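Down below is the structure, laid out as structure tokens.
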Amino acid sequence: MKHRLLGLTAGIALAAAPLAPAMAVTEIQWWHAMTGPNNDVVVKLANDFNASQSDYKIVPTFKGSYADTLNAGIAAFRAGNAPGIMQVFEVGTATMMAAKGAVKPVFQLMKEQGEKFDPQSYLPAITGYYSTSKGEMLSFPFNSSSMVLWVNLDALKKAGIDAPPKTWPEIFDAAKKLHATNPTCGFSSGWITWAMIEQFSAWHNVPIATKANGLDGFDTVLDFNTPLETKLLENLVELQKDKSFDYSGRTNTGEGRFSSGECPLFMTSSAFYPSVKANAKFAYTAVPMPYFPDVKGAPQNSIIGGASLWVMAGKSPEEYKGIAKFFTFLSDTDRQVNLHEVSGYLPITKAAYEKTKASGFYDKNPILEVPLKELTNKQPTENSRGLRFGGMVQMRDVWAEEIEAALAGKKSAKEALDTAVSRGNQMLRQFERTAVK
């Protein structure tokens, strides 16, 4: 209705003053992968921006899963009709960086458009993932999260467990006790490779690969088949036999097993918060990821999940001006505070985090500070800054395939991880050949 009124007003102006031309609204396509309550957040952000001015119109379009959205965007670029803005999950960063000529780096865009933009104002644990080694931001952080352990407090009480588990041995013990009262599942996880390889390694300050997990160069070599990772998988394999641990898939499609009450302990993204809040009919909380207490220095810090907004190349000057203004709009402190509080995603600026904390919000909503405390637990190391592997979307499937083989009893945990590393390294070498000239 707002835009109809704008059009009507423009028409009246033309009739009164024929020489005054009507200004065309520049449409900017925004492809995204947000579902459920977070899709509503995306739509509201677009509507609020569109209502705040009359020159630009952000048009959000859901394109499927993160992987689907990435693939659709790449195909659209090749066909010459890419969107202006594309949401890409964090593990697609290397793929986007290697797509020469397909993207316009955000630091360049903001400078060219004269928009106030200080990378230092954003949380370093978030921006580091999307920046060059010089600190130049390539994409705009949008929905950042980390991994937490979701806990059904009523189920714990029923099983005689006094407090949420903090360590992996406590998780294994609790899973067995919970299984007695929840026959189909004691403990589970979404995003199996993000949980059991990527976050697990960072949280224990051990490398996933050389070259700072690929952040310092494409010629990285995977090495997560150590005794520590093997011990974790061996325990999961043993618990899977009677479903004390029960596998819930490669992505987040099994998250409903927690909110329905089926799996009382569930590791997945902190961004699961709106869904839990809307659907759980039991007392719940979220706590930091478990760690092995015999690992020196653990826990270290977690790494981010979620996605950032990439600006695609080949757009008109008007579109770029509108995109830059939209990013400035998104960075507003009060808007970031609100976005954090309603979506469960992290505030991307230091000012928004500080304002949220000062307001006392976390005193009443401690769950939403858990991922922030994980990310800032200690200064990031080369093992915990993040990761940047080419072809990561496909490589995650390979890693998951090997974990699944171990959980099904077809391979030993060590054999599965050895094969995951070997196959992954082959994929990295292939990516190098196609991406690095």
Side-chain angles (χ1 to χ4, degrees), residues 29-39 41-42 60-79 81-99 102-103 129-130 138-147 189-199 208-209 213-214 218 222 247-256 267-272 275 303-312 345 386-404 420 423-424 426-428 430-431 434-435:
Q29 299 296 321
W30 175 15
W31 289 5
H32 69 90
M34 297 285 89
T35 58
N38 286 332
N39 176 70
V41 169
V42 165
T61 304
F62 172 70
K63 299 299 285 188
S65 69
Y66 278 139
D68 291 338
T69 303
L70 176 60
N71 292 335
I74 291 172
F77 173 76
R78 289 172 180 157
N81 58 357
I85 304 171
M86 191 165 85
Q87 183 192 31
V88 178
F89 60 159
E90 86 285 10
V91 295
T93 301
T95 299
M96 296 300 288
M97 284 178 65
V103 303
Y129 209 113
Y130 303 119
L138 300 168
S139 59
F140 185 84
F142 177 59
N143 56 306
S144 294
S145 61
S146 198
M147 178 158 278
S189 171
W191 301 109
I192 193 70
T193 65
W194 188 41
M196 306 307 176
I197 295 176
E198 299 159 45
Q199 290 285 12
I208 304 170
N213 295 335
F218 282 141
L222 301 172
Y247 182 61
S248 289
R250 300 179 182 185
T251 63
N252 62 338
T253 53
E255 285 178 343
M267 280 176 61
T268 193
S269 173
S270 55
F272 186 34
S275 184
I303 52 178
I304 62 165
S308 64
L309 303 181
W310 288 80
V311 181
M312 304 306 286
Y345 283 113
L387 53 93
R388 192 174 290 160
F389 303 134
M392 185 62 186
V393 178
Q394 295 79 12
M395 195 154 58
R396 268 184 169 173
D397 283 337
V398 165
W399 295 354
E401 195 175 289
E402 295 302 327
I403 289 173
E404 288 162 1
R423 293 176 66 189
Q426 289 174 10
M427 295 174 77
L428 289 174
Q430 174 63 28
F431 181 82
T434 58

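Quick note: residue numbers are just sequence positions, from 1. Since the structure is predicted, the reported quantities are computational estimates derived from the model, not experimental observations.
Applying the side chain to side chain contact (heavy atoms under 4.5 Å, CB included) rule to A98 yields the partners F218, F431, A435; only residues at least two apart in sequence or on another chain are considered. Residues satisfying the side-chain hydrogen bond (donor to acceptor under 3.5 Å, both in side chains) test with S144, not counting sequence neighbours, are none. With sequence neighbours left out, the salt bridge (Lys or Arg N to Asp or Glu O under 4.0 Å) criterion links D397 to R250. With sequence neighbours excluded, no residue forms a side-chain hydrogen bond (donor to acceptor under 3.5 Å, both in side chains) with T253. M427 pairs by the side chain to side chain contact (heavy atoms under 4.5 Å, CB included) definition with Q394, M395, V398, not counting sequence neighbours. Remark: Y66 pairs with F89 by the ring pair (Phe, Tyr, Trp, His ring centres under 6.0 Å) rule, at least two apart or across chains. Taking the ring pair (Phe, Tyr, Trp, His ring centres under 6.0 Å) definition, one finds that F77 meets it with nothing, sequence neighbours left out. For F142, the ring pair (Phe, Tyr, Trp, His ring centres under 6.0 Å) partners are W30, not counting sequence neighbours. With sequence neighbours excluded, the residues satisfying side chain to side chain contact (heavy atoms under 4.5 Å, CB included) with S189 are A195, M196, M267. Partners of W31 according to the ring pair (Phe, Tyr, Trp, His ring centres under 6.0 Å) rule, which considers only residues two or more places apart in sequence or in another chain, do not exist here. Scored by the side chain to side chain contact (heavy atoms under 4.5 Å, CB included) test, V103 finds M96, W310, M312 as partners (sequence neighbours excluded).
With rounding to the nearest 0.5 angstrom, the OG atom of S65 is 9.5 Å from the CG atom of N252. Separation of atoms CD1 (I304) and OH (Y130) is listed at 4.0 Å; rounding is to 0.5 Å. How far CG of L222 is from CG of N213: 9.0 Å, rounded to the nearest 0.5 Å. Interatomic distance, OG of S270 versus CE of M147, reported as 9.5 Å (0.5 Å rounding).
Test N39, T69, L309 against H32 for side chain to side chain contact (heavy atoms under 4.5 Å, CB included) and you get one pass: N39.
You'll find the side chain of I208 reaches within 4.5 Å of the side chain of F389, heavy atoms only. Taking 4.5 Å as the limit, every side-chain heavy atom of N38 sits out of range of all side-chain heavy atoms of N143. Looking at heavy atoms from C-beta onward, M392 lies in side-chain contact with L387 at the 4.5 angstrom threshold. Counting heavy atoms from C-beta on, the side chains of T95 and V88 never come closer than 4.5 Å.
A donor-acceptor pair is defined here as one N or O able to donate and one able to accept, closer than 3.5 Å; no such pair exists between the side chain of R423 and the backbone of W399. Between the side chain of T193 and the backbone N or O of A400, no donor-acceptor pair lies under 3.5 Å.
Minimum heavy-atom separation, A94 to R388: CB-CG, 3.6 Å. Closest approach of Q87 to A307, counting heavy atoms only: CG-CB, 3.6 Å.
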request  = Run the numbers on Y129 and V91 for side-chain contact (heavy atoms from CB on, under 4.5 Å), then give the verdict.
outcome  = CA-CA 10 Å; Y129 209 113; V91 295; 4.3 Å; yes
request  = Mind running side-chain contact (heavy atoms from CB on, under 4.5 Å) on Y345 and V41 for me, showing each step along the way?
outcome  = CA-CA 11 Å; Y345 283 113; V41 169; over 6 Å; no
request  = Carefully, step by step, assess W194 and S269 under the rule side-chain contact (heavy atoms from CB on, under 4.5 Å).
outcome  = CA-CA 10 Å; W194 188 41; S269 173; 3.9 Å; yes
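Sequence neighbours left out, the pairs with a member in residues 86-97 that pass salt bridge (charged side-chain N to carboxylate O under 4.0 Å, His left out) are E90-R396.
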